[in-house]
Amino acid sequence: MEIRKKKIRNLDNYIPNNLLNKKIILFKEIEDDKKFKEKLHSLGFTTTLELGESVLPKIIGSISRFNANGKDIIRRDKPKETCYRQIMWTWYQYEGRDKVEKTEMKEVPYLRYPRDFVPPPSVFLQIVKNKENKKLIATEPISYNENNKQSLLHIINLYLELFGVCEIADNDLNPIVKYPEKKLSWKILPKGEYPWEKVVPQIIKFSQNKSGKKNKKVEVIAERLKHLNEKSPDFVAVGEAGFYGYVIYGFEKQKIYILESSQINNATYIFKDDWKILSQLTKAEILNNKYHHARIVHRINWFSDIDKYI
């Protein structure tokens, strides 16, 4: 069966009762069509669409944005709290007869309602085959029961946003053939390349608003990335697909990996695990205190704090 809608609000009208308490698969059959394959490539898959490829889909709307980044719930029922934003402040001063431009990072306090952060579901889509040897874009089989209804609703709406359709099948009758997963989340820039010129445009594009104008915090983000770049990392990895806008600086002698983004809870995350392990984490796992070694809040003392680790 299939669902063709922009969005659904409940499952009861769309999944038949005979599938209750059974494992089902949600999928979209890969069409032998140039436009469809181009769409898959734009979401993060390679042009060859190899079996096992797995991506956190690129953000194209509100569902995929929540899937990749999570969301904040504004608590208007609580008193406002003081937060801080950093800006690059430019002014002119005279040095003798010369008028000299000066730039400095400043911290501006402001009041806002507290936020409760809801972690991203981080649903990955994988290329698999079914018993009929057809290629599918599918998620892991999931039980259709009361406990999983919200997860299923999210996944179905994710398919509807990405493809306009979500197909559903009984996993017992139409099982998928498992292949080794190849997550396509990071692209490592070749050693010896000057990564500054490649990293900053990606962050700037990610931080633009819908009108195409740069977000005011772009200059501050650029200063942080420049600072990390000047520490001569062994490699720089930039995020692909749903990880677009994320950057990892790897310092392999110290076994330190620094994750920076304009979107991560206003903080920089430091990991001490093996890079291969880090590269396989979902966004929800990255934001989980269980995995990162340290979290450095974006405040005016960020530069001195980060230097303690590298």
Evaluate the side-chain contact (heavy atoms from CB on, under 4.5 Å) criterion for residues I270 and R295: first the C-alpha distance (whole Å), next the side-chain angles of each, then the deciding distance (0.1 Å), finally the verdict.
CA-CA 6 Å; I270 295 178; R295 179 177 180 270; over 6 Å; no

With side-chain contact (heavy atoms from CB on, under 4.5 Å) as the test, would you mind laying out the steps for Y269 and I296 before giving the verdict?
CA-CA 6 Å; Y269 287 77; I296 301 177; over 6 Å; no

CA sep, side-chain torsions, deciding dist, call: L162, L43, side-chain contact (heavy atoms from CB on, under 4.5 Å)
CA-CA 8 Å; L162 299 176; L43 294 177; 3.8 Å; yes

Evaluate side-chain contact (heavy atoms from CB on, under 4.5 Å) for I310 paired with Y249, printing each intermediate quantity in order.
CA-CA 11 Å; I310 51 176; Y249 288 84; over 6 Å; no

After noting the C-alpha distance and the side-chain angles of K149 and D12, does the key distance pass the salt bridge (charged side-chain N to carboxylate O under 4.0 Å, His left out) rule?
CA-CA 10 Å; K149 277 193 172 182; D12 299 336; 3.1 Å; yes

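If you take OH on Y159 and OG1 on T139, they are separated by 4.5 Å, rounding to the nearest 0.5 Å. To the nearest 0.5 Å, the span separating CG on N130 from CD1 on I25 amounts to 7.0 Å. The OH atom of Y246 sits 5.0 Å away from the OG atom of S261 when rounded to the nearest 0.5 Å. Atom CZ of F27 and atom CD of E167 lie 4.5 Å apart (nearest 0.5 Å). Taken from CG in L19 to CG in L11, the straight-line distance is 11.5 Å, to the nearest 0.5 Å. For the atom pair OG1 (T282) and CG (L56), the distance works out to 8.5 Å, reported to the nearest 0.5 Å.
Classification of K35 and E38 as a salt-bridged pair fails, no side-chain N sitting under 4.0 Å from a carboxylate O. Taking a cutoff of 4.0 Å between a charged side-chain nitrogen and a carboxylate oxygen, E107 and R299 qualify as a salt bridge. Salt-bridge annotation for E29 and K135: absent, with no side-chain N of the basic residue lying under 4.0 Å from a carboxylate O of the acidic one. No salt bridge links D170 with K23; every basic N to acidic carboxylate O contact stays at or beyond 4.0 Å. Salt bridge annotation for E104-K102: absent, with no cationic side-chain nitrogen under 4.0 angstrom from a carboxylate oxygen.
When atom types are taken as modelled, the side chain of Q86 and the backbone of H298 share a donor-acceptor pair closer than 3.5 angstrom. At distances below 3.5 Å, at least one donor-acceptor pair connects side-chain atoms of N145 with backbone N or O atoms of N147. N301 places no side-chain N or O within 3.5 Å of a backbone atom of S304 that could act as its donor or acceptor partner. The closest donor-acceptor contact from the side chain of N171 to the backbone of K22 lies at 3.5 Å or more, if one exists at all. Looking at N148, its side chain never comes within 3.5 Å of a backbone N or O of Y144 through a donor-acceptor pair. Checking side-chain atoms of K182 against main-chain N and O of L51 turns up a donor-acceptor pair under 3.5 Å.
Between D72 and V118, the closest side-chain pair of non-hydrogen atoms is not below 4.5 Å. Counting only heavy atoms from C-beta outward, the side chains of F45 and I137 approach each other to under 4.5 Å. A 4.5 Å side-chain heavy-atom check between V177 and V128 finds every atom pair outside the cut-off. Residues L111 and T82 form a side-chain contact, since some pair of their non-hydrogen atoms from C-beta on lies under 4.5 Å apart. Contact of the F124 side chain with the L184 side chain is not registered, since no non-hydrogen atoms from C-beta on lie closer than 4.5 Å. For the pair I258/L228, a side-chain contact is recorded, criterion being any heavy-atom separation below 4.5 Å from C-beta on. Residues R85 and V220 are not in side-chain contact: their nearest non-hydrogen atoms beyond the backbone lie 4.5 Å or more apart. At least one side-chain heavy atom of N67 sits less than 4.5 Å from a side-chain heavy atom of P121.
For the residue pair L152 and I142, the shortest heavy atom distance occurs at CD2-CG2, 3.3 Å. Counting all heavy atoms, side chain and backbone alike, W89 lies closest to K106 at CB-CG, 3.6 Å. Across every non-hydrogen atom of A237 and W275, the tightest pair is CB-CH2, 3.7 Å.
A donor atom on one side chain and an acceptor atom on the other are not found under 3.5 Å apart for E260 and H227. For the residue pair K129 / N133, a side-chain donor-acceptor distance below 3.5 Å is found, with atom types taken as modelled. With 3.5 Å as the limit, one finds no donor-acceptor pair spanning the side chains of Y113 and R75. Side-chain contact, W302 with T268: a donor N or O sits under 3.5 Å from an acceptor N or O.
Considering only residues two or more places apart in sequence or on other chains, K37 meets the side-chain contact (heavy atoms from CB on, under 4.5 Å) condition with D32, L49. Residues satisfying the side chain to side chain donor-acceptor pair (under 3.5 Å) criterion with E53, sequence neighbours excluded, are T46.
No more than 12 heavy atoms of other residues, nucleotides or ligands shown are found within 6.0 angstrom of CZ on R76. Crowding of Y110 atom OH: a count of heavy atoms from other residues, nucleotides or ligands under 6.0 Å exceeding 12. Under a cut-off of 6.0 angstrom, the local environment of CD in Q150 is sparse, with at most 12 non-hydrogen atoms contributed by other residues, nucleotides or ligands. By the 6.0 Å contact criterion, CG on N17 is open, its count of non-hydrogen atoms from other residues, nucleotides or ligands being 12 or less. The number of heavy atoms from other shown groups lying within 6.0 Å of CD (E146) does not exceed 12.
Checking S62, S64, P57 one by one against I60, the side chain to side chain contact (heavy atoms under 4.5 Å, CB included) holds for a single residue, S64. When each of H293, Q254, K272 is paired with Y309, the side chain to side chain contact (heavy atoms under 4.5 Å, CB included) condition holds for H293 and for no other.
Ring pair Y257/F235 is tilted by interplanar angle, where 30° to 60° counts as tilted.
The stretch residues 51-76 participates, sequence neighbours left out, in these ring pair (Phe, Tyr, Trp, His ring centres under 6.0 Å) pairs: F66-H154.
In this structure, K183 forms no cation-pi arrangement with F243, as its terminal cationic atom is not both closer than 6.0 Å to the ring centre and no more than 45° off the ring axis.
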